[in-house]
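Take a look at the structure below.
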Amino acid sequence: MHQDDRLTTGIRILPGGEADLVQLTDLYNHYVTGSPATFDIEPVHPEDRRQWLAEHPGTGRHRLLVAREADTVLGYATSSALRPKQAYETSVETSIYLAPQHTGRGLGALLYHALFEALAGEDVHRAYAAVTQPNEASMRLHERLGFRPAGIHREVGRKFGTYWDVAWLEKPLRRSLQSVAETTTAASAA
């Protein structure tokens, strides 16, 4: 058994729902008030997060998966709309938040693997992640899972009296239409 397997034994990954809303909100507010990982400045309330929850149903491109041990939410991963225009619909922005006392257990990888498995049957071409800098642990996790640098927005957000850079990372989830067409053309010619 791999060490990460021992650390994640007993953890279930399930779609998030209304019953998780308070714990999800509390977990997120930890990062709102104590970290530049999110650019929300003021804590949110469960009522404020209901629309966000509704935008992440159990099926489709936009998902919310929760890591739970017994009745405790340890973390969550989402895939959300990247931009509102229709041409962006096959791209998603992914996010992952872990309860601070549960980092270093392999939960991030566990959640992301489950998210990408859930998205495998959906029409999603690329996943993007925005990581406030510096954040070595998040950068390592994303790179280990196949994300590659896509650019940096310099001093794009101000929080705690500091301007923060955000690194954008991307991960292909499906072959491009061009490569599919090239494969089809090559097969036809053979």
Side-chain angles (χ1 to χ4, degrees), residues 1-31 35 37-38 44 46 49-82 88-132 135-150 167-175:
M1 179 181 280
H2 190 270
Q3 180 180 356
D4 284 351
D5 294 338
R6 286 192 302 266
L7 295 174
T8 58
T9 300
I11 294 172
R12 296 176 305 141
I13 306 294
L14 301 165
E18 183 70 29
D20 302 311
L21 189 57
V22 170
Q23 287 186 69
L24 290 168
T25 302
D26 290 345
L27 192 161
Y28 183 71
N29 280 334
H30 165 80
Y31 291 94
S35 166
T38 176
V44 296
R49 298 285 277 176
R50 277 208 167 75
Q51 180 62 38
W52 168 82
L53 184 66
E55 292 168 358
H56 296 88
T59 60
R61 293 181 177 114
H62 305 144
R63 305 282 183 111
L64 163 64
L65 295 180
V66 174
R68 189 179 295 124
E69 191 169 45
D71 292 331
T72 303
V73 172
L74 308 179
Y76 67 91
T78 62
S79 59
S80 304
L82 178 66
Y88 288 107
E89 71 182 2
T90 60
S91 295
V92 296
E93 181 176 350
T94 60
S95 295
I96 192 158
Y97 289 93
L98 301 176
Q101 66 273 30
H102 294 289
T103 61
R105 296 178 61 183
L107 287 176
L110 191 67
L111 278 161
Y112 259 160
H113 284 299
L115 180 64
F116 296 135
E117 186 177 307
L119 293 176
E122 302 296 336
D123 185 18
V124 177
H125 178 63
R126 284 211 190 281
Y128 292 87
V131 180
T132 304
N135 190 334
E136 291 180 34
S138 185
M139 292 298 287
R140 276 193 312 271
L141 170 67
H142 284 89
E143 288 169 2
R144 197 170 56 241
L145 293 173
F147 282 85
R148 296 295 171 250
W168 280 90
L169 307 167
E170 66 182 343
K171 174 183 175 70
L173 298 179
R174 291 195 142 176
R175 293 188 309 166

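As the structure is a prediction and not an experimental result, all values here were calculated from the model. Just so it is clear, the values below take in all heavy atoms, side chains as well, and ignore hydrogens, waters and symmetry mates.
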Please give me the minimum heavy-atom distance between [X] and [Y], naming the atom from each residue.
X: Arg63; Y: His56; answer: O-CD2, 3.3 Å
X: Leu111; Y: Ala77; answer: CB-CB, 3.9 Å
X: Pro15; Y: Gly58; answer: CB-CA, 4.4 Å
X: Pro149; Y: Leu169; answer: CA-CD2, 3.7 Å
X: Ala70; Y: Arg12; answer: O-NH2, 3.8 Å

message: Looking only at the side chains, is there a donor atom on one of His30 and Ser35 sitting less than 3.5 Å from an acceptor on the other?
response: no
Pairwise distance CH2(Trp168) to OH(Tyr128) - rounded to 0.5 angstrom: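 Reported value, rounded in 0.5 Å steps: 9.5 Å.
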query: Hey, what do you get for CD (Glu89) to CG (Asp123), rounding to the nearest 0.5 Å?
result: 7.0 Å
Would a 4.5 Å heavy-atom cut-off, applied to side chains only, mark [X] and [Y] as touching?
X: Arg126; Y: Glu170; answer: yes
X: Trp52; Y: Val44; answer: no
X: Leu14; Y: Val66; answer: no

Side-chain donor-acceptor distances from residues 19-26 under 3.5 Å, at least two apart:
from, atom 1, to, atom 2, distance (Å)
Asp20, OD1, Arg68, NH2, 2.4
Asp20, OD2, Gly17, N, 3.0
Asp20, OD2, Arg68, NH2, 2.9
Gln23, OE1, Val73, N, 2.8
Gln23, NE2, Asp71, O, 2.9
Thr25, OG1, Leu21, O, 2.7

message: Donor-acceptor pair, distance only, cut-off 3.5 Å: does the side chain of Tyr31 make one with the backbone of Leu98?
response: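 Yes; judged by distance alone, with no hydrogens or angles, the pair exists.
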- prompt: Is a donor on one side and an acceptor on the other found under 3.5 Å between the side chain of Arg61 and the backbone of Val92?
  reply: no
message: Using the rule given for side-chain contact (heavy atoms from CB on, under 4.5 Å), can you reason through Leu119 versus Ser79, listing the C-alpha separation, both sets of side-chain angles and the distance that settles it, and then say yes or no?
response: CA-CA 9 Å; Leu119 293 176; Ser79 59; 3.8 Å; yes
Set of residues satisfying side chain to side chain donor-acceptor pair (under 3.5 Å) with respect to Tyr112, sequence neighbours excluded: Thr94, His142
query: Does atom CD of Glu55 have more than 12 heavy-atom neighbours from other groups under 6.0 Å away?
result: yes
query: Hey, is CD on Glu136 packed in by over 12 heavy atoms from elsewhere, all under 6.0 Å?
result: no
task: Take Leu145 and Leu141 through the test side-chain contact (heavy atoms from CB on, under 4.5 Å) and record every step on the way to the result.
output: CA-CA 6 Å; Leu145 293 173; Leu141 170 67; 3.6 Å; yes
